[in-house]
Amino acid sequence: MNYDQLGHEAVARIAAAGDLDALESLRVEFLGKQGSVSALLKTLGGLTPEERKETGPKIHGLRESVSDALAARKADLEAAEMEARLATETIDLTLPAPDTPKGSIHPVSQVMDELAEIFADLGFAVATGPEIEDDWHNFTALNMPESHPARAMHDTFYFPEQAGAEKRMLLRTHTSPVQVRTMLERGAPLRIIAPGRVYRSDSDATHTPMFHQVEGLVIDRDIHLGHLKWTLETFLKAFFERDDIVLRLRPSYFPFTEPSVEVDVGFALETGPDGKARRVLGGSGDAPGHAWMELLGSGMVNARVIEFAGLDPSEWQGFAFGVGVDRLAMLKYGMDDLRAFFDGDVRWLRHYGFSAFDQPTLSGGVGARP
Ligand code: DAH
């Protein structure tokens with residue numbers, strides 16, 4: 001049998017196939033189960049070894065040229081089909097695209113980013129601690145021993161007592177335990193802020209069982225109240241984007257600071273675009289038409305806390321402060337109900353949320369600065 005002849009004829013018919021259907025029929029005719037080339041391959045089994053040596057390569061060669069020709073013609077026909085579609089089909093680019101819903105940054109996340117950015121400029125790193133805390137870090141190490149009345153003021157969510165457990169677990173009531181944890185972990189000197197969620201069993205228009213605080217801590221040699229006041233003033237002016245922020249420091253009491261100061265900020269009542277009165281920060285609270293508003297707690301870190309945190313208070317001192325993040329957001333962006341922060345109402349988020357593209361954020365939003 002003339003296998004070359006057979007091959008040429010097959011390849012010629014394949015090359016002439018007019019479309020993919022015709023090509024498929026040819027494939028079945030040659031290589032299908034009952035195909036002519038398949039039939040030839042089957043005859044190899046009945047040959048003597050010598051005959052097979054002679055005929056085998058020819059039949060395999062035939063099969064190879066047929067399948068090569070099929071593949072080549074298939075590629076040509078498909079390319080031609082694509083060409084034809086490109087030449088005839090059109091897309092109307094002027095049609096309006098369907099609107100894709102866009103997410104936005106929650107004001108609390110936005111404010112935490114702003115805080116991290118402002119304090120980074122002042123050389124503060126961001127520190128974190130667990131929200132499920134133990135009573136030693138949340139209270140004892142902050143100079144609130146077991147029977148201390150300040151513990152009762154915190155409306156703590158406790159976990160059930162574990163038999164034999166040394167420490168009672170709770171949801172942290174403030175970010176202050178991060179002070180202790182960071183001193184224990186990193187030693188001194190330190191400059192950190194610790195933003196995060198805190199929990200208290202309390203709920204009304206200005207209290208939610210979960211809210212946010214940011215703690216600040218500086219530990220170094222020769223730190224005094226002047227450093228605290230300058231830092232808070234610089235921070236608040238940058239945060240509220242006003243140079244006329246005026247602070248008043250009032251003596252106060254916190255177990256973990258000594259002396260303790262409460263910081264007030266001057267404000268005036270102004271009528272907003274909605275006709276409602278809003279507090280606008282700026283100016284002395286003693287100026288006509290102004291008043292003072294309590295904003296945050298702070299003080300020089302109590303020597304007992306420094307000791308609990310494993311440092312020598314005769315060598316290291318520092319200051320600390322704690323402030324509500326939600327409160328800062330409400331004051332800066334004019335929101336009036338704290339509960340709306342956590343209702344998950346998308347209309348509220350759309351109104352107050354921040355675009356991931358417009359607002360450069362430190363913690364790596366889409367608009368993060370390089
Ligand atoms: N931890 C206090 C609270 O939650 C706030 C506070 C006051 C933090 C004074 C401080 C501070 O670091 O020095 O009420």
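As the structure lists them, so they are numbered: ligands from 1, and atoms in each ligand from 1.
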Exercise for the section: Could you pull out every protein residue that has a heavy atom closer than 4.0 Å to ligand 1, ordered by chain and then number? Expected result: H174, S176, Q179, R200, Q213, E215, F254, F256, T257, G297, S298, G299, A320, F321, G322
Handout entry: Carboxylate-amine/guanidinium proximity below 4.0 Å for R347 and D345
Key = yes
Exercise for the section: Determine, for Y158 and R168, whether the Lys NZ or Arg CZ falls below 6.0 Å from the six-membered ring centre while staying within 45 degrees of the axis. Expected result: yes
Exercise for the section: Sequence neighbours left out, what pairs pass salt bridge (charged side-chain N to carboxylate O under 4.0 Å, His left out) with at least one residue falling in residues 257-282? Expected result: R248-D264, R250-E262, R250-D264, K276-D336
Exercise for the section: Would you confirm whether the ring centroid of H174 sits within less than 6.0 angstrom of the ring centroid of F256? Expected result: yes
Exercise for the section: Would you mind listing the cluster partners of M82? Hydrophobic ones only (ILVMFWY), side-chain contacts under 4.5 Å, chaining allowed. Expected result: L86
Fill in the blank from the handout: Residue set satisfying salt bridge (charged side-chain N to carboxylate O under 4.0 Å, His left out) with R197, at least two apart, ordered chain then number -> E131
